[in-house]
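What follows is a set of notes on a single structure, which appears directly below.
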Amino acid sequence: MEGAELVREAFRDAFGGEPELISRAPGRVNLIGEHTDYNEGFVLPVAVDRAVWVALRRREDRRARVYSANFGQWTEFDVDSPRKDPSVPWADYPKGVVSELRSSKLGGFDMAIWGDMPLGAGLSSSAAIEVSVAFGLASLFGMEVNGKEMALLCQRAENRFVGVQCGIMDQFVAVLGKRGHALFLDCRDLVYEHVPISEGVSVVVCNSGVSRELASSAYNERRAQCEEAVRRVREALPEIGALRDVSPEEFEAYKHLLPEPIGRRARHVVYENMRVLSSLELLRRGDLKGFGRLMYESHRSLKEDYEVSGPELDLLVELASSVEGTLGARLTGAGFGGCTVNLVEREAVRTFEEFVGREYEARTGIRLEVYVCEVSDGAKLEEGI
Ligand code: GLA
């Protein structure tokens, strides 16, 4: 059954009657440009065909009743004062969005949520929930919110209400991704470009099955280290605003200002930004082999300099690289477990799945989940009013 039908049924079971509208927002996979977004740098993600659907109906009062079909749990709150409740952690995302929407047009609502994405696996189910809820509520109550504002609003929901200091990448591509295209984004001014991806390759995601529990504290620590690097490089280059402003030449000239591990963290960000710009050129020219080589370099840098990989992710990249027809492989998202992204020639996908799945399980005892992704559109209404 389609996601829209499943969420409609969940809505009927939970609240009775029909929803007024259904919205959908996708998960994402980042092809290259990791831990660059909060350094005001460049990223190149795609939206995928795993998504979160939200079914909505207005209420006469100012209550919000929310049902998660994935968790089989309910929650209820006042739209004017959403508060955290540790017994329903998934509800922080819709509550965060409600607290950021802050419009006089917003009223009470009933909402069912259902998604077909692996939760907490690094495909950004959190951004998909936020964007699907924001898009659905804005449409239901007739609020004018453009794509960039929507992405920023959802990022604020995550930063302020949920308490994760994420960058803008995930929310942005969940709103503005485009079928068959990667999204090149300059995270400083939010100028973006859609770049077609050749039909001859598949974006294949491997879920290591390793939990990302450490992720948010280590993530915030990496952010702080980047800020420290900026403060120190400013002694030589007072005009810089973020690591994005440091060229590789400047980094090499001033790296003595950076104690370890700050130096390694900064090196990753400076060169990763360059890799994204080069990948963009290669993608425009259709040079996917060259693109794939940069993915491997990105992984090495995330492993050695940024230190956000782990034995399972490294093993997945190594196994992938030994399959003929794999063009590139790397960890994707924040790291510390989660997924790898692989660019694989279409005719090699089956061999890839068989070989990597078998070897990974043999060596780790973990059953590998592989998703062959369709590159999809960003948020949309499945059904309007
Ligand atoms: C997470 C964050 C993003 C980005 C990536 C790392 O997915 O939500 O903003 O920082 O990690 O590239």
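Every number for a ligand or one of its atoms is a count from 1 in the order of the listing. Note that this is a predicted model, so its numbers are computed, not measured.
- Close contacts between ligand 1 and Tyr38 involve ligand atoms 10 (O) [criterion: under 4.0 Å to a heavy atom].
- At a threshold of 4.5 Å between non-hydrogen side-chain atoms, the residues Cys187 and Glu40 do not count as touching.
- Of all atoms in ligand 1, numbered sequentially from 1 with element shown, those under 4.0 Å from a heavy atom of Cys166 are 2 (C), 8 (O), 9 (O).
- If you number the atoms of ligand 1 from 1 as listed, the ones under 4.0 Å from a heavy atom of Tyr219 come out as 1 (C), 2 (C), 3 (C), 4 (C), 9 (O), 10 (O), 11 (O).
- Less than 4.0 angstrom separates some heavy atom of Ala334 from each of these atoms of ligand 1: 11 (O).
- Close approach to Met169 involves these atoms of ligand 1, each under 4.0 Å from a residue heavy atom: 4 (C), 5 (C), 12 (O).
- In this structure, Arg28 has a heavy atom closer than 4.0 Å to ligand 1.
- Close N/O approach between His35 and ligand 1 is found [any backbone or side-chain N/O within under 3.5 Å].
- The contact set between ligand 1 and Gly167, taken as ligand atoms under 4.0 Å from a residue heavy atom, comprises 9 (O).
- In terms of the side-chain hydrogen bond (donor to acceptor under 3.5 Å, both in side chains) criterion, residue partners of Tyr371 (sequence neighbours excluded) are, by chain and number, Asn207, Glu369.
- Tested against Val79, the residues Arg63, Arg62, Lys95 include a single side-chain contact (heavy atoms from CB on, under 4.5 Å) partner, Arg62.
- At least one N/O-N/O distance between Asp37 and ligand 1 falls below 3.5 Å.
- Cluster partners of Tyr67 are Phe11, Phe15, Trp74, counting Ile, Leu, Val, Met, Phe, Trp and Tyr whose side-chain heavy atoms approach within less than 4.5 Å, directly or via other members.
- Less than 4.0 angstrom separates some heavy atom of Glu34 from each of these atoms of ligand 1: 6 (C), 12 (O).
- Proximity annotation for atom 1 (C) of ligand 1: of Ile168, Thr332, Asp170, Asp170 comes nearest, heavy atoms only.
- When Glu307, Glu304, Glu272, Glu260 are each tested for a salt bridge (Lys or Arg N to Asp or Glu O under 4.0 Å) with Arg265, only one passes: Glu307.
- The neighbour count for Lys84 NZ, taken as heavy atoms of other residues, nucleotides or ligands under 6.0 Å away, is above 12.
- The line from CD1 of Ile262 to CG of Leu257 is 12.5 Å long, rounded to the nearest 0.5 Å.
- Counting non-hydrogen atoms of other residues, nucleotides and ligands closer than 6.0 Å to CZ of Arg179 gives a total of 12 or fewer.
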